[in-house]
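Whatever order the structure lists ligands and atoms in, that order sets their numbers, starting from 1.
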Amino acid sequence: LAEVRQKTGMVKPSSLLKPVALTRIPGRYLAHQESLPKLPVPPLKQTCDRYLAALEPIVDSEMLKNTQELVKEFQAQGGVGDRLQKGLEHRSRKTDNWLSDWWLQTAYLDYRLPVVVHSSPGVVLPRLEFSDRQGQIRYAAKLIAGVLDFKSMIDNETLPIEYLGGKMLCMNQYYQVLCSCRIPGIKSDSVVNYALNKRPPSHITVVHNYQFFVLDVYNSDGTTLTVDQLYIQLEKIWNSSLQTNKEPIGILTSNHRNSWGKAYANLIKDKTNKESVRAIQKSIFTVCLDAPMPRVSDEMYRTRAAVQMLHGGGSRWNSGNRWFDKTLQFIIGEDGTCGVIYEHAPAEGPPIVALIDHVVEYTKKSEMVRTPMVPLPMPKKLRFNITPEIKRDIEEAKQNMNIMVHDLDMKVIVFSHFGKNVPKSYKMSPDAFIQVALQLAYYRTYKRCCATYESASLRMFKLGRTDTIRSATSDSANFVKTMDDPVKQVALLEKAVKAHRAYTDMAIRGQAIDRHLLGLKLQAIEDLSALPDIFMDTSFAVANHYNLSTSQVPAKTDCVMCFGPVVPDGYGVCYNPMEEHINFAVSAFNSCADTNAARMVQALEDALVDMKTLLDQTPKAKL
Ligand code: COA
């Protein structure tokens with residue numbers, strides 16, 4: 001098997017444009033999955049000690065003292081902690097992964113805020129050069145062919161296995177993102193996946209001017225439609241959806257999950273509606289052919305594109321041109337704006353971006369080839385019967401969407417002073433360097449350290465998702481508080497960066513604290529016992545109020561992922577560190593007077609530049 005090994009860093013499928021093996025490698029995926037280790041349950045005492053250490057920079061001494069007492073009691077021999085730990089260890093023996101089902105349920109399916117802004121990440125691709133309908137359709141045809149090319153690697157089980165820190169990663173998420181969709185419920189949602197059906201779906205859905213179509217992308221002999229054929233089919237769709245006065249049925253999916261759950265039950269009472277919804281849910285993925293958005297300056301372009309990906313711009317623009325429950329939606333604007341929005345429940349950013357990297361390369365190479373014209377049937381338009389009640393739900397969803405649109409404060413920038421190259425030249429982890437800069441930016445702005453979340457991959461383990469790297473450490477606090485003391489600065493910076501990298505290593509090896517604490521809490525709930533005091537404590541609330549929610553999503557393509565903050569007074573920060581520049585997307589809420597995305601971006605740029613200057617000025621630092 002052509003597998004690529006690398007000591008550090010995540011290796012993405014590097015077989016871009018190499019011909020996909022025509023022969024399947026049956027069983028390869030399962031054999032790989034079976035070879036992966038199980039996610040460990042960390043020792044109780046280790047998590048308790050690390051939890052107290054993580055609180056130090058973010059809570060005051062009185063709170064800390066109180067929590068120390070609670071933790072002592074919790075972990076006493078034969079105490080509550082011990083009992084819950086045994087419960088977790090038992091669960092771990094019985095399941096492939098003691099955490100993954102719980103995590104899917106609590107982090108996603110039970111989460112009731114709209115998926116738009118609050119959960120689904122967007123991806124902004126570099127602007128394309130077209131600015132008309134023909135360019136849009138042409139690109140869409142190539143993109144669809146590119147995704148299908150990637151899909152054939154999944155289907156053939158020829159997708160190269162990825163590595164992190166020299167260890168093989170779980171590939172399961174790749175099998176979850178196509179042919180899947182979230183389904184709303186009144187109290188909790190679910191996810192359906194049709195990929196493993198006896199007859200897996202052979203169509204995608206395309207939406208234009210709020211009208212959905214089924215586009216069959218496979219011929220009867222199993223071959224995919226050529227780019228040329230896809231172009232013709234898309235043109236037919238475009239021409240039969242010229243009316244712009246249609247009800248934006250898809251906007252229903254942007255509502256609060258409980259409201260959408262109720263509206264959904266009502267919507268699918270009608271047989272036609274049910275069939276149309278099912279066709280969207282079953283489709284391999286969705287392509288949104290967007291109307292052009294208002295023009296902005298070049299400097300503002302990526303920011304505007306980011307909000308188009310995250311929410312579509314509001315009910316007047318493209319927010320109705322989506323089915324936000326669909327796992328993968330590729331957005332192609334008539335003005336050359338392109339990107340993706342994905343529903344987060346089945347996967348993290350890296351597999352999505354690996355797919356995008358493949359598609360972007362594919363679209364560069366694949367030229368339109370004239371194929372003999374076998375007439376293809378007209379793609380089927382999906383009908384919806386809109387009752388007055390459904391109309392009311394649509395109006396409500398429109399209003400709520402417009403409130404979200406006004407509330408989202410977003411800033412996307414290209415930090416062009418340097419990229420991974422500078423921290424690397426100082427023998428520092430680029431990710432840790434960026435995270436310490438974020439700590440400095442936040443401290444300079446608010447004169448305090450805050451609970452900070454960085455996602456760490458748990459994919460070294462079977463069915464692994466993520467744990468949290470708590471980027472606010474005692475070492476980062478020491479550094480940001482003494483930034484004005486030139487003598488100590490460099491040593492403290494080095495210490496802070498090393499501490500972050502050490503936390504990362506501990507997290508990706510399954511020894512971080514947050515998922516373990518969550519497991520202990522859920523075990524307590526499952527045992528129907530009262531919640532232990534440590535989970536009712538103010539420190540626990542502070543520790544889980546992430547004013548900074550951050551994530552690195554590296555890509556080969558010059559793109560950036562973006563997402564909303566996770567608390568009303570917080571920031572969402574996503575970045576793609578390239579070799580000589582870094583793409584950042586920073587979000588906040590306008591309804592919070594204390595936050596401002598542009599101001600945080602400026603503070604972050606200043607912090608990065610100042611940290612570099614600090615290292616440059618200290619000749620010893622350069623190794
Ligand atoms: N000196 C020189 N180079 C170094 C270095 C050092 N001390 N430490 C790291 N590097 C290099 C690495 O070799 C790597 O090189 P590459 O660019 O050739 O690949 C590069 O710097 C990046 O390493 P680093 O910045 O340390 O980050 P990482 O790639 O190990 O990633 C995480 C860190 C936390 C992002 C990663 O472990 C992870 O978990 N990723 C998944 C996150 C996720 O799921 N996000 C999505 C949520 S939706």
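- Counting the atoms of ligand 1 from 1 in the order shown, those under 4.0 Å from a heavy atom of I469 are 34 (C).
- When only interatomic distances are considered, the shortest N/O to N/O separation between K424 and ligand 1 falls below 3.5 Å.
- Considering backbone and side-chain atoms together, P430 places an N or O closer than 3.5 Å to an N or O of ligand 1.
- Taking CG from L328 and CD1 from I204, the interatomic distance works out to 11.5 Å, rounded to the nearest 0.5 Å.
- A tilted orientation is assigned to the rings of F584 and Y575, their planes being inclined by 30° to 60°.
- No N or O atom of Y342 sits closer than 3.5 Å to an N or O atom of ligand 1.
- Atoms NZ and CG, from K556 and N576 in turn, are 12.0 Å apart once rounded to the nearest 0.5 Å.
- Contacts between P350 and ligand 1 below 4.0 angstrom, taking non-hydrogen atoms only, involve the side chain exclusively.
- Distances from ligand 1 to the non-hydrogen atoms of I434 include no value under 4.0 Å.
- Considering only residues two or more places apart in sequence or on other chains, D505 meets the side-chain hydrogen bond (donor to acceptor under 3.5 Å, both in side chains) condition with R501.
- Heavy-atom proximity to H344, at under 4.0 Å, picks out these atoms of ligand 1: 48 (S).
- Residue pairs that meet the side chain to side chain donor-acceptor pair (under 3.5 Å) test with at least one member in residues 407-419, sequence neighbours left out, are D407-S591.
- Within the structure, the closest approach of R459 to ligand 1 does not fall below 4.0 Å when heavy atoms are considered.
- Using cut-offs of 30° and 60° on the angle between ring planes, the pair W260 and W323 is perpendicular.
- The shortest N/O to N/O separation between E454 and ligand 1 does not fall below 3.5 Å.
- Every N/O-N/O distance between E348 and ligand 1 stays at or above 3.5 Å.
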Worked check of salt bridge (charged side-chain N to carboxylate O under 4.0 Å, His left out) between R509 and D467: CA-CA 10 Å; R509 283 170 178 76; D467 205 328; over 6 Å; no
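- Remark: ligand 1 atoms within the under-4.0 Å shell around heavy atoms of A456 are 39 (O).
- Atom NE2 of H32 and atom CD of E34 lie 10.5 Å apart (nearest 0.5 Å).
- A salt bridge links D325 with R257: the closest approach of a Lys/Arg side-chain nitrogen to an acidic carboxylate oxygen falls below 4.0 angstrom.
- Of the heavy atoms in D431, both backbone and side-chain atoms come closer than 4.0 Å to ligand 1.
- Residue-level proximity to ligand 1 for S551 is carried by the side chain, the only part with a heavy atom below 4.0 angstrom.
- For the ligand labelled ligand 1, residue M561 lies outside the 4.0 Å heavy-atom shell.
- For T504 (side chain) and H500 (main-chain N/O), a donor-acceptor pair under 3.5 Å exists by modelled atom type.
- Near K420, with a cut-off below 4.0 Å to any heavy atom, the atoms of ligand 1 are 17 (O).
- Between K427 and ligand 1, at least one N/O pair is under 3.5 Å apart.
- Taking distance alone, with nitrogen or oxygen atoms compared against 3.5 Å, E579 stays at or beyond that limit from ligand 1.
- Checking only distances, S457 does come within under 3.5 Å of ligand 1, N or O to N or O.
- Below 4.0 Å from some heavy atom of I508 lie the following atoms of ligand 1, by number and element: 37 (O), 39 (O).
- Residue N318 holds its CG atom at 9.0 Å from CE of M309, rounded to the nearest 0.5 Å.
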